[in-house]
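A quick write-up on the structure given underneath.
Note that the structure is a prediction, hence the values are computed from the model and not measured. Hydrogens, waters and symmetry mates play no part in the numbers below; they use all other heavy atoms, side chains included.
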Amino acid sequence: MSNSAEFTYDLSEMLPFEGLSSLRPGTSVLVTGPTMAGKDRLLYDVLGDGVSQNEAGIVVTTDGDGGESVDMVRSKAETADDSLLSAIDCRAQSDREETERDDGSCVYSVSSPSEFTSIGIGITDAFSRAEEANVTRGRLALTSLSTMVRYADQKTVFKFCHVLSQRLNSAGFIGLFTLNSDAHDEQTISVIKQAFDANIEIREVDGEKQGRVLGLGSQPTEWRPLS
Amino acid sequence: MADTDQVVLVVEDEPDVAETYRLWLEERYTVIVAESGDEGLEMLEERVDVVLLDRMMPGLSGSEVLSEIRSQELDCRVAMVTAVEPDFDILEMGFDAYLSKPVKSQQLRSTVENLLERSEYDSLLQEYYSMVEKQATIEATKGTTELENSDEYHDLRERIAELRDELSETLGGIEDDEDFIATIRGLSDVE
């Protein structure tokens, strides 16, 4: 547990909940909600907010384009140092290939969402880039675990999440992972949840995006509107 | 012999080097030595927790011994001892760690300790997953009242909470990128 007393992460601008204004480094959070409920956007915003405070931003994308993910993060962070931005694109044609983009951000290609070792190497690459820039804070977003469990068995995905969380913990970073609640049965969701420290549920009611937090206090928070 | 049941096998063709490793480790672990890859494989018929494998040996090479260990699905951690500084390719070959010669005593001890910690983490994580899966199954098949009154369910929840604490107390030996990649690589092939 590194530097736990020294700093925390404040996500309250995007997620106005008490526990999320001072998140302990090393915390991994599962974000669940229906497909298209804006979970990805939320994660990109959280990363963009971090990058504009000179934190590293790492996106692991299993269904989108790596470069587009980086652009989505940047759209929230005008002042960002792009060299702090990395994406691991798990639907690429090639495997284990690093491409530096014109803006200085980096996209690492992985040929399948089940190539866990390649994904891991891409993440360690991003860690090294942060280290070279003397950056010790960072946020990782993985979107989505729903795709991962289609490509690999649930047990391996569960363990991967736990191992990655341990690594984020030793680095003092935080992690956010999405799961589509309408794509799996209750049992699968309740198992995957247990690989994480906390859970943010997202839902849409009459066109309004709402969220609540479970696992940071003894009781779930109330549902609150999210911007 | 140390009064520990953890066994370290040193596979090294230079007797002086092997003896040095033994001296450094025997206070904490039971150390056995093989002078060749073939002899090492024979000794692996007994339970071994960590193998220190010299890469360059006459007869079976370190890599060949490793692939035999993996194909037999032996439950041990393997550190390669090499004269050259390796890169990630070495880890991808299936080694759990590497040590560059000349190996220092502190480095050897911490590598062995780290590998044993990782094994412990693996088995804790394995048990945690099984328990969590069991809990989800029970919850899906029984009603709230039935769950409230089930001792089995309460015990299960207690064990899960314990495991959570144990898992969060250890970093599982995942302190750096090398540990991280080696652990991920082991995810799909260790059951």
Between [X] and [Y], what is the shortest heavy-atom contact and its length?
| X | Y | answer |
| --- | --- | --- |
| I181(B) | T117(A) | CG2-CG2, 4.1 Å |
| A136(B) | V191(A) | CB-CG2, 3.6 Å |
| A140(B) | Q187(A) | CB-OE1, 3.7 Å |

So [Y] and [X], do their side chains get closer than 4.5 Å, heavy atoms only?
| X | Y | result |
| --- | --- | --- |
| F180(B) | Q166(A) | no |
| Q126(B) | K159(A) | yes |
| R167(A) | D177(B) | yes |

Exercise. Could you label the plane-to-plane angle of the H162(A) and Y128(B) rings as parallel, tilted or perpendicular, counting under 30° as parallel and over 60° as perpendicular?
Key: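 It falls in the perpendicular class, over 60°.
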Quiz prompt | Atom group of L164(A) that falls short of 4.5 Å from chain B, counting heavy atoms | solution =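 It is both, since atoms from each part get that close.
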Quiz item: Where does F158(A) contact chain B at under 4.5 Å (heavy atoms): side chain, backbone, both or neither?
Solution: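 Side chain only.
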Quiz item: Could you walk me through whether Q194(A) and Q135(B) pass the side-chain hydrogen bond (donor to acceptor under 3.5 Å, both in side chains) check?
Solution: CA-CA 11 Å; Q194(A) 305 262 29; Q135(B) 181 190 9; 3.0 Å; yes
Quiz prompt | Inter-residue atom distance F160(A).CZ - L187(B).CG, 0.5 Å rounding | solution =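 If I round to the nearest 0.5 Å, the distance is 8.0 Å.
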Quiz item: What's the spacing between R185(B) CZ and S118(A) OG if we round to 0.5 Å?
Solution: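 With rounding to 0.5 Å, CZ (R185(B)) is 12.5 Å from OG (S118(A)).
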Counting only heavy atoms not in [X], do more than 12 fall under 6.0 Å of its [atom1]?
| X | atom1 | result |
| --- | --- | --- |
| K193(A) | NZ | yes |
| E131(A) | CD | no |
| E64(B) | CD | yes |
| R101(A) | CZ | yes |
| E186(A) | CD | no |

Quiz item: So which part of T137(B) gets closer than 4.5 Å to some heavy atom of chain A, the side chain, the backbone, both or neither?
Solution: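 Both backbone and side chain.
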